Each structure stands twice: as structure tokens, then as C-alpha cells.
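Predicted model only: the values in this text are computed from it and were never measured.
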Amino acid sequence: MKIAVATDGRSVSMHFGHCEGFTIFNVEGDKIVSANFIENPGHRPGYLPEFLRDKGVECIISGGMGSSAIDLFNSYGIDVITGAFGDAEDVVKRYIDGTLISTGSACEKHEHEGHCED
């Protein structure tokens, strides 16, 4: 399974579309077997969900994400976890063991206008 985490440094990014990049964790069973960082190719409405789908991602984890991005990921059959924070690897371990719970909420308004859009 491939799990992508929107990251800034080693931490989960609060702004999906404007993160530094995505750390893609390859998981087999209940173990992380590898992790690779891919720089964010740029924020364009609707682009990142397709970009990550084409990388084989089956789950995306982020602090915040716009509703249109969530809808696109869902249409591709990709699990969306929002409201995550902290170290990216720790968050993936929590996802694997079933203790990471999505807030299920989308960014609609934010002090940094436009940052929580898809």
C-alpha cells in the first residue's frame, strides 16, 4: 500500500496544496518498508489528486484540504485523512495501527486565503 503524507520538512503540512511535497510511504502488512519524498509539482486546481493517483497512492494524509480535492480523491477510491499533525512517519504508523482518525472536515475558510483550496 502507498500512503502519501503532505509534508513540510518531516511534519504533516497543514495546507495540502501548498505543502513542500509528499512523502510516500510504502507499507507491507503493518510495516513501513520505504519512504520517498516527492517535491510538490505546484498547486493547480484538480491536479494534485490525479498526480498522486498516478503514483499509485491509496491514502492521502494532510492537516487541511479543500472539499474539491477531497471529492476528487474519493472519486479515485483514495482514502482521505484530514486533521493530522506531527511527524509524518509517526502519523503513518498510527494510520497502520488504526488509531489515526480523520476529522473528515474540509478547509473552507482560513486566515491564509487560498491555502486550503484543492
* Asked: Without hydrogens or angle criteria, can the side chains of Thr103 and Thr82 be said to hold a donor-acceptor pair below 3.5 Å?
  -> yes
* To do: Compare every heavy atom of Ala84 with every heavy atom of Ile61, then report the nearest pair and how far apart it is.
  => CG2-CB, 3.5 Å
* Structure fact -> Heavy atoms of Gly42 and Asn40 approach each other most closely as N-OD1, 2.8 Å
* Structure fact -> dist Lys31:NZ -> Phe25:CZ (nearest 0.5 Å) comes out at 15.5 Å
* So do the side chains of Val91 and Ile81 get within less than 4.5 Å of each other, counting heavy atoms only? -> no
* **Polar side chain donor-acceptor pair, Thr23 to Thr7, under 3.5 angstrom** => yes
* About how many Å separate CZ of Phe73 and CD1 of Ile78, when rounded to the nearest 0.5 Å? -> 5.5 Å
* To do: Please report the shortest heavy-atom distance between Val5 and Ala88, naming the atom on each side.
  => CG1-CB, 3.9 Å
* Asked: Shortest non-hydrogen contact from Met65 to Val80?
  -> SD-CG1, 4.0 Å
* Asked: What distance separates Met1 CE from Ile96 CD1, expressed to the nearest 0.5 Å?
  -> 9.0 Å
* Give, for atom CG of Leu72 and atom CD1 of Ile60, the distance between the pair rounded to the nearest 0.5 Å. => 12.5 Å
* Are Val27 and Val33 side-chain neighbours, meaning at least one heavy-atom pair lies under 4.5 Å? -> no
* What distance do Ile3 atom CD1 and Ile32 atom CD1 have between them, rounded to the nearest 0.5 Å? -> 7.5 Å
* Would the number of heavy atoms belonging to other residues, nucleotides or ligands and lying under 6.0 Å from CZ of Phe85 be above 12? -> no
* Under a 4.5 Å cut-off applied to non-hydrogen side-chain atoms, are Phe22 and Leu48 in contact? -> yes
* **Shortest non-hydrogen contact from Ser62 toward Ser13** => OG-O, 3.5 Å
* Asked: Any link between Ile38 and Phe16 through a network of hydrophobic side chains (Ile, Leu, Val, Met, Phe, Trp, Tyr) touching at under 4.5 Å?
  -> yes
* From CG (Leu100) to NZ (Lys93), nearest 0.5 Å -> 14.0 Å
* Structure fact -> Closest non-hydrogen atoms of His18 and Asp8, given as atom of the first, atom of the second and distance, are O-OD1, 4.5 Å
